[in-house]
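Throughout, residue positions are numbered sequentially from 1 according to the sequence presented.
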Amino acid sequence: ENLETAVVGGASDGLALGGGATETTFFRIRGNSLEWKSRVLFGENYGGSHFMRVAPENGTLVLRWQDPGNQQEPGDWSEAPYRVLLASLDTFKVSIREGFGKEWITPNNYRNPPQLVRLEIQSQGRFWPDLIIPVQR
């Protein structure tokens, strides 16, 4: 399964992680964090629509999630469940490309699903290959 099908939902239903979402689209970049609304399956019996966030926290890269309930935007992330994705993080940078012919930009605050998202990661002095994720709109 390729990265696009793991993190991207249908054109009218937002980003998804492991399946298509049917709720209102939510996408946001704030500083060096990436947030989106997604349909997620955690194991066999737990999942559904969740707000997701990938961001650096205390020298680590952390994935957090929240059940949206009736909210259109996530609440406070500090108490949300989480998983550490990378234990030793030097750099995490989120860039977007609004169209295939456009330049990469690093917005401080961005609310619309772009054409592409690029994640730049450095750990223990070494850069990972850039992760470039297409976003269906």
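- A 4.5 Å side-chain heavy-atom check between Arg28 and Pro74 finds at least one atom pair inside the cut-off.
- Note that the OG atom of Ser38 and the CZ atom of Phe51 stand 11.0 Å from one another [nearest 0.5 Å].
- Side chains of Ile132 and Trp104 form a contact here, defined as non-hydrogen atoms less than 4.5 Å apart.
- Contact check for Phe26 versus Glu35: side-chain heavy atoms found under the 4.5 Å cut-off.
- Side chain of Arg30 to main chain of Asn109: no donor-acceptor pair is present (N/O by atom type, distance under 3.5 Å, no hydrogens or angles).
- Counting only residues at least two apart or in different chains, side-chain hydrogen bond (donor to acceptor under 3.5 Å, both in side chains) contacts with residues 121-135 comprise Thr91-Gln122.
- For the salt bridge (Lys or Arg N to Asp or Glu O under 4.0 Å) condition, the pairs that include at least one residue of residues 105-116, sequence neighbours left out, are Glu73-Arg111.
- Looking only at side-chain heavy atoms (C-beta outward), Val117 and Val135 come within less than 4.5 Å of each other.
- By the side-chain hydrogen bond (donor to acceptor under 3.5 Å, both in side chains) test, Thr106 is found to be paired with Ser95, residues two or more places apart in sequence or in another chain being considered.
- Under a hydrophobic clustering in which Ile, Leu, Val, Met, Phe, Trp and Tyr are joined whenever their side-chain heavy atoms come within less than 4.5 Å, directly or via other members, Ile105 and Leu34 fall into the same cluster.
- Val54 and Leu131 end up in the same hydrophobic cluster when Ile, Leu, Val, Met, Phe, Trp and Tyr side chains are linked at under 4.5 Å.
- Considering only heavy atoms from C-beta on, Ile96 comes within 4.5 Å of Glu98 through its side chain.
- Every pair tested for salt bridge (Lys or Arg N to Asp or Glu O under 4.0 Å) that includes a residue from residues 76-90 fails, sequence neighbours excluded, so the list is empty.
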Inset, instruction - Verify side chain to side chain contact (heavy atoms under 4.5 Å, CB included) between Asn32 and Val94, making sure each step is shown before the conclusion. - result: CA-CA 6 Å; Asn32 55 1; Val94 180; 5.5 Å; no
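- Using a 4.5 Å cut-off between side-chain heavy atoms of Ile, Leu, Val, Met, Phe, Trp and Tyr, Tyr82 falls into a hydrophobic cluster with Val62, Val84.
- Leu119 is connected to Leu85 through a chain of hydrophobic side-chain contacts under 4.5 Å among Ile, Leu, Val, Met, Phe, Trp and Tyr, so both are in one cluster.
- Residue pairs meeting the side-chain hydrogen bond (donor to acceptor under 3.5 Å, both in side chains) criterion with at least one member in residues 53-68, sequence neighbours excluded, are Arg53-Glu57, Glu57-Arg64.
- For the atom pair Arg97 CZ and Arg118 CZ, the distance stands at 7.5 Å (nearest 0.5 Å).
- Annotation: side chain of Asn112 is not in contact with side chain of Phe27 (no heavy-atom distance under 4.5 Å).
- Counting heavy atoms from C-beta outward, Phe100 and Leu116 have side chains that approach closer than 4.5 Å.
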